[in-house]
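Here the structure is a predicted model, which is why all the values come from computation and not from measurement.
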Amino acid sequence: MNLIFKNIFGKFLKGKANKNLNKKFKNLNFPGISLRKNSNENIGVVQIKYNHLEKTEFVDLIYSITSQAYEKNAGILFFPGGLQYVLFPALKENPRYVKYFTENHLEDFIKIFSKMAEGFGMNIFTGEFYLYENDEIMKCGMVFDSFGKISYFYKRPIEKLELPPIYGFNNFNFAFLTFEETLMYEMSKLSVIKGANVLVNCSIGNISPYRYCEYRGIWSRCQQFKVFGINATMVGETPWGYSAIPSGLYGPVEFFKDGIIATSTNLSGTEIVVGKFSLESINFSGLEYGNLNKLMKTLKL
């Protein structure tokens, strides 16, 4: 009887939450289609100060960030990983938590980003998040197109070493790497061999006890392989420890001063950074494709 009551009460609360969310969406102002001005060459990356927010507050945050990116003429926007812990905090990588989030909050989590992408006519990457499937935790990431539809979705077990498929957008090929993978020369090289010209770190727990470790990881790969780089982080006291690592856009030092295209100026607050990627400004290095099979076999991919 108690289980039946919990199920009924849970459905009641979820229905009420969905109603509140839909009401919240109706009160938001979005530009009309004729007013959209986003440029696909402008890349936006988000830095967020970690804080727990209720669902409607979370909507306000994502709306405010996307609105600012829209005003800066961004065509695609990259959020940091782990935003589900802003919406619904708990112990990281806890299977019971991830299962509960998947069953009770994932639908709204997806709906929020879809609504923002459609409302502002902007492509949006959610940042990496966890979901529960087939009795295991999966690392996932989604890109919503300017119509609010999912245009890219990767999913891989947290314990398995593998590269997700390359995501193509406006002549750019994005490879989504975890923090650990950005520090592995082989994984970055394999991504570039497979066609990536932008290496992205929007992973969960994108922090390190070593200052600028993640920034240097992406930055150094841009120098080695003559590609672009994106790093999106949460700052402040996060579920993974304290972070003061900047979000930013990077490229080879031969073409960009200090290898930096754009970076956050405030290491302790929320900020939207927008910069321009231009393939004409990059001279890609010629990697040896003959070692691809050997490298994949070594990494067991």
Side-chain angles (χ1 to χ4, degrees), residues 43-46 76-85 92-93 98 101-102 106 109-110 113-114 117 123-145 149-207 214 217-218 221-222 224-225 227-234 240 247 249-250 277 284 287 289 291-293 295-301:
I43 311 295
V45 59
V46 180
I76 185 168
L77 187 61
F78 292 84
F79 281 87
L83 286 179
Q84 68 192 101
Y85 293 99
K92 58 181 178 179
E93 299 180 24
V98 178
F101 174 85
T102 302
L106 179 60
F109 183 78
I110 292 174
F113 286 99
S114 173
N123 293 264
I124 295 177
F125 177 64
T126 60
E128 195 169 78
F129 62 92
Y130 292 131
L131 66 77
Y132 193 82
E133 183 178 272
N134 298 326
D135 296 326
E136 64 178 331
I137 299 175
M138 310 291 289
K139 292 183 292 189
C140 303
M142 293 181 179
V143 176
F144 293 90
D145 65 20
K149 305 297 183 183
I150 297 174
S151 59
Y152 174 78
F153 176 38
Y154 75 79
K155 181 170 54 178
R156 50 181 176 160
I158 60 173
E159 302 297 337
K160 189 175 181 181
L161 183 66
E162 65 178 19
L163 289 173
I166 302 296
Y167 168 65
F169 172 78
N170 190 37
N171 296 323
F172 297 110
N173 294 320
F174 298 89
F176 295 90
L177 305 173
T178 65
F179 155 56
E180 294 82 6
E181 288 166 351
T182 63
L183 301 181
M184 296 175 61
Y185 172 87
E186 292 84 359
M187 294 298 284
S188 297
K189 180 175 180 178
L190 182 57
S191 297
V192 177
I193 287 176
K194 292 177 69 175
N197 50 28
V198 185
L199 302 179
V200 183
N201 183 10
C202 298
S203 61
I204 298 172
N206 181 11
I207 67 171
E214 297 84 358
I218 283 289
R221 301 309 173 211
C222 293
Q224 290 168 328
F225 304 120
V227 296
F228 295 105
I230 296 174
N231 195 52
T233 64
M234 280 196 282
W240 304 276
S247 290
L249 306 168
Y250 311 105
F277 283 179
F284 290 104
L287 293 175
Y289 285 79
N291 294 327
L292 177 59
N293 292 332
L295 181 58
M296 293 183 70
K297 184 177 181 181
T298 301
L299 295 174
K300 298 181 180 180
L301 297 176

- Would you please indicate yes or no on a ring centroid separation below 6.0 angstrom for Y85 and F101? no
- Inter-residue atom distance N231.CG - L177.CG, 0.5 Å rounding: 11.0 Å
- With F144 as reference, evaluate N123, L77, I76, I110 under the side chain to side chain contact (heavy atoms under 4.5 Å, CB included) test and give the passing residue. I110
- If you measure from OG on S114 to CG on D145, what distance do you get to the nearest 0.5 Å? 8.5 Å
- Task: Mind checking the CD1-CD1 spacing from I158 to I137? Nearest 0.5 Å is all I need.
- Result: 4.5 Å
- Which heavy-atom pair separates P157 from E136 by the least distance, and what is that distance? CB-OE1, 3.8 Å
- Query: Considering only heavy atoms from C-beta outward, does the side chain of L199 approach that of I218 to under 4.5 Å?
  - Reply: yes
- Message: Whether the side chain of S247 engages the backbone of V46 through a donor-acceptor N/O pair (distance < 3.5 Å, no angle test) should be reported.
- Response: yes
- Could you state the interatomic distance from CZ (F129) to OG1 (T102), rounded to the nearest 0.5 Å? 8.5 Å
- Item | Closest approach of I150 to F153 (non-hydrogen atoms, all atoms of both residues) | CG2-CB, 4.0 Å
- Message: I'd like to know if R156 pairs up with E181 as an ion pair, taking the criterion as any Lys NZ or Arg NE/NH1/NH2 lying under 4.0 Å from an Asp or Glu carboxylate oxygen.
- Response: yes
- Note on the structure: salt bridge (Lys or Arg N to Asp or Glu O under 4.0 Å) pairs touching residues 76-85, sequence neighbours excluded, are none
- Task: State which residues pass side-chain hydrogen bond (donor to acceptor under 3.5 Å, both in side chains) with T126; sequence neighbours excluded, sorted by chain then number.
- Result: none
- Note on the structure: Contacts of Y132 meeting side-chain hydrogen bond (donor to acceptor under 3.5 Å, both in side chains) (sequence neighbours excluded), chain-then-number -> none
- Query: So which heavy atom on T182 is nearest to which on N201, and how close?
  - Reply: CG2-CB, 3.9 Å
- Can you name the closest pair of heavy atoms from G82 and M234 and give their distance? O-CE, 3.6 Å
- Message: I'd like to know if the side chain of T178 reaches the main chain of S203, judged simply by a donor and an acceptor atom lying under 3.5 Å from each other, with no hydrogens or angles considered.
- Response: no
- Query: V45 and I43: side chain to side chain contact (heavy atoms under 4.5 Å, CB included), yes or no, with the steps?
  - Reply: CA-CA 7 Å; V45 59; I43 311 295; 5.8 Å; no
- Item | Short side-chain to backbone donor-acceptor contact, R221 and K189, under 3.5 Å | no
- Query: Is there side-chain contact between F174 and F228, with at least one heavy-atom pair below 4.5 Å?
  - Reply: no
- Pairing residues for F113 by the ring-ring contact (aromatic ring centres under 6.0 Å, His included) criterion, not counting sequence neighbours: F79, F109
- side-chain hydrogen bond (donor to acceptor under 3.5 Å, both in side chains) filter on E133, not counting sequence neighbours, yields K155
- When rounded to the nearest 0.5 Å, the distance separating CG of L163 from OG of S191 is 4.0 Å
- F172: partners by ring-ring contact (aromatic ring centres under 6.0 Å, His included), with sequence neighbours left out: F277
- Note on the structure: Note: N197 and N173 closest approach over all heavy atoms is OD1-N, 2.8 Å
- Query: Heavy atoms, side chains only, cut-off 4.5 Å: are Y130 and K139 in contact?
  - Reply: yes
- For the rings on F176 and F125, is their centre-to-centre separation under 6.0 Å? yes
- Item | Gap between atom CD of E128 and atom OH of Y154 - 0.5 Å precision | 3.5 Å
- Of all heavy-atom pairs between A232 and C202, which one has the smallest distance, and what is that distance? CB-SG, 3.7 Å
